[in-house]
Number of protein chains: 2
Amino acid sequence: MQSDAPARPTLADVAARAGVSASTASLAFSGSGPVSDATKERVLAAAADLGYAGPDPRARSLRRGRSGIVGVVLEERVRAAFLDPVKIQMLDGITEGIAPLGAGLLLLTDTGEAGGNAVGIESAPVDAVVLVGCSPRLGVAVEVLRRRGIPAVAIEGAAGEGVPQISIDNRAATRRGAEYLRELGHADVALVTLPFDADRTRGPLTVELIAASTADTASERLAGAREVFPDATGRAAAASSIEEGREAGLALLADPATRPSAVIAQSDLLAAGVINAAEELGIAVPAELSVLGFDGIRVDGLQHDLTTLAQPSVSKGRAAGEAVVQLLAGEPGESVCFTSTLHVGDTTAVPHPARASRATR
Amino acid sequence: MQSDAPARPTLADVAARAGVSASTASLAFSGSGPVSDATKERVLAAAADLGYAGPDPRARSLRRGRSGIVGVVLEERVRAAFLDPVKIQMLDGITEGIAPLGAGLLLLTDTGEAGGNAVGIESAPVDAVVLVGCSPRLGVAVEVLRRRGIPAVAIEGAAGEGVPQISIDNRAATRRGAEYLRELGHADVALVTLPFDADRTRGPLTVELIAASTADTASERLAGAREVFPDATGRAAAASSIEEGREAGLALLADPATRPSAVIAQSDLLAAGVINAAEELGIAVPAELSVLGFDGIRVDGLQHDLTTLAQPSVSKGRAAGEAVVQLLAGEPGESVCFTSTLHVGDTTAVPHPARASRATR
DNA sequence: CTGAAAGCGCTTACAG
DNA sequence: CTGAAAGCGCTTACAG
């Protein structure tokens with residue numbers, strides 16, 4: 001029986017009804033002090049009578065100095081970020097990593113300042129933050145958080161003083177994949193890269209594009225490939241998606257005269273698109289074209305076992321979460337650089353004889 | 001120049017340094033009162049000197065009674081939820097809908113009670129909550145939130161007193177799609193459904209499975225299909241994914257003697273999988289098999305224009321967000337039931353002559 | 001095991 | 001335009 005908009009009962013109300021002090025009532029709920037069972041029961045009963053649902057988290061967090069919330073800063077809008085399976089896995093890993101905290105995950109983006117009273121990175125009630133991605137804007141975010149005294153962890157880039165960095169061996173891993181292709185006998189290798197800039201320019205891999213890169217991941221993976229195939233060129237995709245990979249693939253494979261014998265794609269989604277393009281053009285994978293991916297995700301619907309550099313996305317997220325836990329415990333957070341492993345699937349093979357002879361000529 | 005762990009400056013410190021009262025300093029930051037430019041500048045300068053990054057959101061939210069955070073309750077772990085493009089689009093829509101609030105989105109799951117001091121639905125510092133999905137557990141969530149006095153909005157199910165419900169015409173829409181197939185001349189129609197229960201049982205569509213359903217969406221779409229094809233049977237998938245659709249498709253299409261002329265899939269992902277299965281079996285879509293999906297998402301990598309019931313996922317999310325805004329303004333939140341539209345793509349056609357004659361015999 | 005007191009850091013009527 | 005005061009609802013030393 002409660003009226004339409006009753007004032008929510010407070011802990012003080014519950015204490016009064018139970019005939020105890022507020023301190024005791026508080027203890028009965030938090031369990032962080034000695035309370036007799038009888039008293040505890042009385043408090044809980046009073047709470048039930050009053051319809052008290054537990055301590056107000058806002059007051060609790062002011063008093064405790066902790067909100068129990070960890071922010072995740074994405075460099076793009078929610079939808080875009082979650083189209084990337086790697087990011088979703090990382091998010092899942094972060095959840096695991098911060099589990100000991102019992103904290104919730106607050107989604108934040110670094111797109112522009114949160115206007116007015118909006119909850120942005122400058123004012124979110126978070127105990128710590130995980131920065132995901134390597135946008136140059138994240139540098140600003142790090143500075144804002146530093147001023148606020150909020151610990152931060154960066155996944156892939158944007159680290160600063162006191163900001164643990166969780167990363168993978170983008171360059172070395174790609175080099176290893178490229179070496180594998182070379183060992184198979186490939187020499188004509190084309191690249192399909194992730195976007196290099198905030199504009200997500202799609203098209204040929206030009207010197208200008210590469211020089212203007214603000215995307216560490218794309219640049220590092222490119223560098224790794226060129227350690228093995230210095231003259232390798234190709235196309236930049238506008239996003240990591242199957243469709244973008246397909247378009248790049250069509251552009252790269254359409255002309256038999258210039259067709260490479262292998263493609264190094266900077267993500268599995270892009271690789272899957274290249275394979276689709278090849279199949280549309282009647283080019284057999286891997287007999288006539290080898291395709292190497294990056295990520296090691298399972299591409300839903302792809303009927304190949306993609307050869308790829310498998311990166312531990314969930315572990316990356318978990319490590320970031322663990323670093324958050326360390327930071328909140330006052331310890332220095334641990335930076336980790338994970339190693340990706342070459343998974344040899346069925347999308348790479350020795351080059352087609354005609355190609356091989358050309359390559360080794 | 002600050003020492004290792006300096007006490008964070010407070011608004012009072014800033015006020016003192018600026019030689020004004022705390023009230024005035026507060027006004028200078030919030031802009032919600034008249035402050036002379038000179039004073040405001042002095043306060044901001046003092047803040048800059050002290051490295052004060054703005055009012056503490058915890059104190060602010062206690063005082064204001066608002067945290068600026070909206071919770072989104074998912075019925076599964078983050079990774080599972082975000083594998084579903086429809087949910088991601090809804091999340092994006094929610095973001096749009098609550099934009100006027102400037103609130104952040106806190107990810108919550110209804111899996112079990114948050115133990116100890118964990119931030120769960122019973123203790124998250126949220127101003128309102130959007131319940132996504134139709135898990136029976138969401139009923140409990142609604143009750144907890146009601147006791148806490150936190151407004152809630154439900155997308156697809158679990159609504160209760162005072163909980164606006166955002167839904168779509170699952171049954172009627174599916175019926176329309178089925179009617180379209182019948183008009184084309186189909187009579188042998190098989191179904192590939194979403195999971196019916198929390199166990200996500202994969203397999204034939206048995207009477208028991210259907211009777212034990214706890215999934216409104218699957219049940220409603222099934223009912224709609226059976227309004228047109230009362231005897232239609234088929235298979236339940238364990239999840240909405242291309243791979244699950246493919247497996248169900250293989251099971252349904254492998255035997256030429258029992259092969260249907262059309263498949264009604266309860267999601268686009270499942271439909272895409274059925275198409276993959278058909279192509280693997282050398283069955284041409286739509287010449288030899290028509291496939292109808294549900295959702296109207298763009299399936300990355302699918303080279304067909306899927307015939308499907310397009311539901312406005314983003315609008316659903318947006319409507320939920322708008323209902324949250326209404327609720328927080330003290331207005332009754334508006335329930336909305338959206339209409340899905342039949343999008344005729346290139347995956348449906350008149351049945352193959354041999355089939356048609358059989359069907360109309 | 002229980003209670004009285006202080007205070008977390010802010011914002012908001014209310015005076016002036 | 002500015003200031004003094006109260007209080008948001010809790011938790012935590014500190015006594016007893």
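Note that the structure is predicted; figures quoted are calculated from it, not measured.
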>> Under the criterion side-chain contact (heavy atoms from CB on, under 4.5 Å), I'd like the reasoning laid out for B:V132 against B:E75: C-alpha separation, chi angles, the key distance, then a yes or no.
In response: CA-CA 7 Å; B:V132 175; B:E75 52 185 324; 5.9 Å; no
> Taking 5' to 3' order, which nucleotide of DNA chain D is first and which is last to have an atom within less than 4.0 Å of a heavy atom in chain B?
Replying inline: D:dC1 to D:dG9
> Does any non-hydrogen side-chain atom of B:I155 lie less than 4.5 Å from one of B:M90?
Replying inline: yes
> What is the pairing partner of D:dA4, taking Watson-Crick or G-U wobble pairs with both distances under 3.5 Å in any strand?
Replying inline: none
>> Using a 4.0 Å heavy-atom cut-off, does A:S36 contact any base of the nucleic acid, only the sugar-phosphate backbone, or nothing at all?
In response: sugar-phosphate
> OG of B:S61 to CD1 of B:I69: how many Å apart, nearest 0.5 Å?
Replying inline: 8.0 Å
> Across the strands shown, which category fits A:P55 at heavy-atom distances under 4.0 angstrom: base, sugar-phosphate, nothing?
Replying inline: sugar-phosphate
> Across the strands shown, which category fits A:T39 at heavy-atom distances under 4.0 angstrom: base, sugar-phosphate, nothing?
Replying inline: sugar-phosphate
> In terms of the angle between their ring planes, are A:Y52 and A:F29 parallel, tilted or perpendicular, with boundaries placed at 30° and 60°?
Replying inline: perpendicular
> Do A:V73 and A:I121 come close enough that some side-chain heavy atom pair is under 4.5 Å?
Replying inline: yes
> Checking all strands, does A:S23 fall into the base, sugar-phosphate, or nothing category for heavy-atom contacts under 4.0 angstrom?
Replying inline: base
> Which part of the nucleic acid, if any, lies within reach of B:Y52 when heavy atoms closer than 4.0 Å are counted: base, sugar-phosphate only, or nothing?
Replying inline: sugar-phosphate
> If we call it a pair only when both distances are under 3.5 Å in a Watson-Crick or G-U wobble match, what pairs with D:dA13?
Replying inline: none
>> Let me spell it out: for each of A:T24 and B:L62, pick the nucleotide of DNA chain D with the closest heavy atom. Which residue's pick is nearer the 5' end?
In response: B:L62
> Can you tell me how far CZ of A:R146 sits from CD of A:E161, rounded to the nearest 0.5 angstrom?
Replying inline: 9.5 Å
> Just checking A:S26: base, sugar-phosphate only, or nothing, at a heavy-atom cut-off of under 4.0 Å?
Replying inline: base
